[in-house]
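What you see is a predicted model; the values in this text were computed from it and never measured. Heads up: numbering here begins at 1 and tracks the sequence. Every number for a ligand or one of its atoms is a count from 1 in the order of the listing.
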Amino acid sequence: MPFSSLGLSEPLLRAIADCGYTIPTPVQIAAIPAVLRGKDVWASAQTGSGKTAAFVLPIIERLVADGPRGRGRFVRALILVPTRELAAQIAGEIHDYGVHLSQDAGLKTLVVVGGVSINPQMMALGGGADIIVGTPGRLLDLIEHNAVSLSSVTTLVLDEADRLFALGFADELARIIALLPARRQTLLFSATFPAAVQTLAENLLRNPVRIAIASKPEDKPDIHQRAIEVDVAQRTQLLRNLIVLHDWSRVLVFVASKYATEHVAEKLCRLGIEAAAFHGELSQGARTQALSDFKASRVRVLIATDVASRGIDIEQLPVVVNYDLPRSPDDYTHRIGRTGRAGESGVAVSFISAETDAHFCLIEKRNRLHIEREQIAGFEPLETIMPAPAPTGGIKGKRKSKKDKLREAAGLTPTAPANAAKPFVPAPVVESGELFPFSRRPSQPRRS
Ligand code: AMP
């Protein structure tokens, strides 16, 4: 089915052609005509499915058809998203799709997000806007400053609704929704439908068109998933070696904390690999800079917290590394989904240490995966999990390294009891997931 049969006008079709899209994606085929008809939409759609264009194109079409906006601090279409980067990305797409609109029909689009001064956003809102793309907190700040009124909103979009809830925006969302006119169009896009999103959808949407594109096996992204066993202390060196060995041009590395992003980035830089940290507490300027350096290949590795795991569209990202495992199985899916986009293949590597092995088994189980464990020569793990005291006789899923088994067999390193002498029971290393007691031989120099 061509784009021209979806009901979009010529300036939009030209812009679509400029973007290089030849045929609409399934979510676009289902959503565009429905949105043009003024229907509410309830869509389960992942990033990478073309969902942004599925709502942006018909919204532009309708706004242009409705004629110029009235005077005052009003907004006509409101797109709420969980992260600043996603807001900027959507605004970029709105701009790209609107390039061939006539000067008169030009739509004023504003991004309202936190992390930057509110004053320029207040100034920009003078005279209202056709489209606001923003995060809930900053939008509420602007409403409290009387900079914008939501009383004329005709279309509300909640994009990545599950993530909005996961990031704790439930209260803000409820406050914003209470300020919207009852008669409006609502479009809800979400990758997953946990209970909170389900309830929201049921309360918010009127007779919606339901869109659930069943993914066909051939639509599945081509991501080669690897699980490499390595001791916690050796991960950075292993990461460096993998980058050099495979000549990875661009690598997104996930860690568990803001501190770790900076620490690992610093260590990689010291090892000769350009790396930058990316986390939620950087100023907006620093976040934008890090992301654009990464996209422009000025830095080879971006070390990020989960703030980057959703919604960020980095073209040609061949590799994602879980340096620390994600907390939830869902986050695993979102993280690795940053690679293997738009028909390209990708690699997702997870580092598994003795104390995170059970957590990874859980991620595999929930995601119905089984990934063979690998060890890399020179980085074979030395850490082992000690069996729990009798009567349980061991922790399910914990492994001993080959070397430890050999040592045990040779009677060199008996399995230490939980209260063993100091060298065998260091303070647990906090990474992600649950903690288990483990024993570790004193560290030894390594080849690398
Ligand atoms: P999204 O799911 O909105 O994050 O879109 C993922 C990527 O697909 C973006 O880079 C879009 O530019 C691109 N895209 C959207 N629609 C199409 C299409 N019909 N054909 C090819 N690429 C598309």
Nitrogen or oxygen of T52 less than 3.5 angstrom from that of ligand 1: yes

Electrostatic pair R235:D324 at N-O distance under 4.0 angstrom: yes

Cationic N near anionic O, under 4.0 Å, E262 to K267: no

Sub-3.5 Å N/O-N/O distance, Y97 and ligand 1: no

Minimal non-hydrogen separation, H145 against M122, with atom names: CB-CE, 3.8 Å

Nearest-0.5 Å distance, CG of residue L180 to OG of residue S151: 9.5 Å

Any side-chain heavy-atom pair of W42 and V209 under 4.5 Å: no

For T25, atoms of ligand 1 separated by under 4.0 Å from a heavy atom: 18 (C), 19 (N)

I23 to ligand 1, any heavy atom closer than 4.0 Å: yes

Polar atom proximity, G50 to ligand 1 (N or O, under 3.5 Å): yes

Polar atom proximity, S49 to ligand 1 (N or O, under 3.5 Å): yes

Under 4.0 Å to a heavy atom of F3 - the qualifying atoms of ligand 1, by number: 19 (N)

N/O donor-acceptor pair under 3.5 Å between Q375 side chain and E229 backbone: no

Backbone or side-chain N or O of Y21 under 3.5 Å from ligand 1 N or O: yes

